[in-house]
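Read the structure below first, then the notes.
Note on naming: letters A, B, ... go to the chains in the order of the sequence lines (proteins, then strands), and numbering restarts at 1 for each one.
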Number of protein chains: 2
Amino acid sequence: MAKKTKSNKRQLILEEAAKLFKARGFGGTSMRDLGAQVGMEAASMYNHINSKDEILEIICFQISDTYISQLAEIEQTATSYVEKIKALIRLHIRLMIEDGAAVSVANNDWKYLTNDKLEAFKQARKNYEKGFAALIEQGIAAGELQPVNASVALFTILSAVRWVELWYRPGRGITAEELEENIITLLLNGLAK
Amino acid sequence: MAKKTKSNKRQLILEEAAKLFKARGFGGTSMRDLGAQVGMEAASMYNHINSKDEILEIICFQISDTYISQLAEIEQTATSYVEKIKALIRLHIRLMIEDGAAVSVANNDWKYLTNDKLEAFKQARKNYEKGFAALIEQGIAAGELQPVNASVALFTILSAVRWVELWYRPGRGITAEELEENIITLLLNGLAK
DNA sequence: CAGGTAAACTAACATTTGTTAGTATATTTA
DNA sequence: TAAATATACTAACAAATGTTAGTTTACCTG
């Protein structure tokens, strides 16, 4: 199969691109930089990908697709709203730990997407946020949550979970599970005694 | 005074640069883009600033200096640790609302600083984080706060406050004060009932 | 009004950018 | 083994980049 071998190098290019984009930003990463990291001339990469923009698109939509499908799954579980929200928080933390580079790129460099891709990504994100906010509102209506502004709660949660990308290293004296429980406790129960 | 007139245009350039950097990123903003926004040829701006890098430096350190001096002030007030932490959260939200473009740049584009400026900025940020974390630890030791991992609490707070830059618009049906109280309540008391 | 300085302009520079063309070398298929 | 395909390379392109040089215009000071 022609596509099979192609996929190997293609995947490598995408992974190294995510790392470099995270470290230096999309604009700060040249195709020659990326080629050096992959072990290939910049021009050679065009046998595997169509453009620099396409690399960014693939990374961003891979992440947004994951979030959206996971949200749909969680919505259909038969648990309390608190549990659903906990599951979403865990999802964010886990994705950040497992695929931190790509998540960072989707969080920070999505704005360099162009035209319809940019619009599609913004729409996808908006849909995800809407679904998440709905869970919070339903949780409030069901009496499980404090009657806060759902948008404020939503964005506080989404942001609170982002710093993991900047901070977490496997050997930092805290496991992924501990981290999850710490953050969930903090967000659901608060810092004050 | 020669410097006086110079400062006017210089300030305008810095302000427009912050807006553009926030919108398109440092790498995504050319000096010609900036010139167009300011109403001047790119080359003309070099009568007021020394380089594109310098613009970024000024924006970033203006913000980090503000945080550091405010932290020092808050540390010396005679209040509880909870109140000190609340004051810091309010500071972050207020700065974001009042000078959102510059704060965004300091948050997102600092990595494009070069050499010693980059190191100095990272050091300044680390010092600020250390001071903030110390307040949390002392608050825990004093029995005012839950015994959580101070780093986790610190970064959760710092991040939770960032989304304001992406979301807050003066006419969004919520005042700056309401926003502050919502976020503080959420972080200190939690979302769950 | 004269002289000097500040601040704008145009033109051009050297690099760096993403990308393409053309070509050579592996690797797979028949 | 022969033909075909995939994949790498070198060289080069056009465009965009930050910046400098040189010049002209506006403005303040004496």
| said: Please report the distance, rounded to the nearest Å, between CD1 in B/Ile13 and C1' in C/dA8. | reply: 12 Å
| Are the side chain of B/Glu144 and the backbone of B/Tyr81 linked by a donor-acceptor contact shorter than 3.5 Å? | yes
| message | Students often mix this up, so state it plainly: with edges at 30° and 60°, are the rings of B/His92 and B/Tyr128 parallel, tilted or perpendicular? | response | tilted
| task | With sequence neighbours left out, write down each residue that passes salt bridge (Lys or Arg N to Asp or Glu O under 4.0 Å) with A/Glu180, or none if nothing qualifies. | result | A/Arg90, A/Arg94
| Sequence-distant partners of B/Glu83, salt bridge (Lys or Arg N to Asp or Glu O under 4.0 Å), two or more places apart | B/Lys86
| message | Side-chain N or O of A/His48 versus OP1/OP2 of D/dA8: is the shortest distance under 4.0 Å? | response | yes
| remark: Side-chain contact check for B/Tyr46: nearest option of C/dA21, D/dT20, C/dA8 is D/dT20
| Distance-only, no hydrogens or angles: does the B/Trp110 side chain make a donor-acceptor pair with backbone N or O of B/Asn107 under 3.5 Å? | yes
| said: Counting distance alone, no hydrogens or angles: does the base of D/dA8 have a donor or acceptor under 3.5 Å from a partner atom on the side chain of A/Asn47? | reply: yes
| task | Can you sort out the partners of B/Lys52 under salt bridge (Lys or Arg N to Asp or Glu O under 4.0 Å), two or more places apart, ordered by chain and number? | result | none
| said: Counting only side-chain nitrogens and oxygens, does B/Lys9 get under 4.0 Å of the OP1 or OP2 atom of C/dA6? | reply: no
| query | Between the side chains of A/Asn149 and B/Glu178, is a donor N or O closer than 3.5 angstrom to an acceptor N or O? | reply | no
| task | Would you kindly give the CD-to-P distance between B/Glu41 and D/dG18, to the nearest whole Å? | result | 14 Å
| Separation of C/dT19 C1' from A/Met45 CE (nearest whole Å) | 11 Å
| field | Check: A/Cys60 and A/Leu56 side chains under 4.5 Å, non-hydrogen atoms | value | yes
| message | Going by the rule salt bridge (Lys or Arg N to Asp or Glu O under 4.0 Å), which residues pair with B/Arg24 if we only count those two or more places apart in sequence or in a different chain? | response | B/Asp33
| Distance in angstrom units between A/Met40 CE and D/dA6 P, rounded | 15 Å
| task | Establish, with yes or no, whether the OP1 or OP2 oxygen of C/dC9 is under 4.0 angstrom from a side-chain nitrogen or oxygen of B/Ser44. | result | yes
| request: Go through residues 19-32 of chain A and report each residue with a non-hydrogen atom lying under 4.0 Å from DNA chain C, sorted by number. | output: A/Thr29, A/Ser30, A/Met31, A/Arg32
| message | Counting only heavy atoms and a strict 4.0 angstrom limit, can you tell me which residues of residues 51-60 of chain B come near DNA chain D? | response | B/Ser51, B/Lys52
| query | Quick one: A/Arg10 CZ to D/dT7 C1', roughly how many Å, whole number? | reply | 15 Å
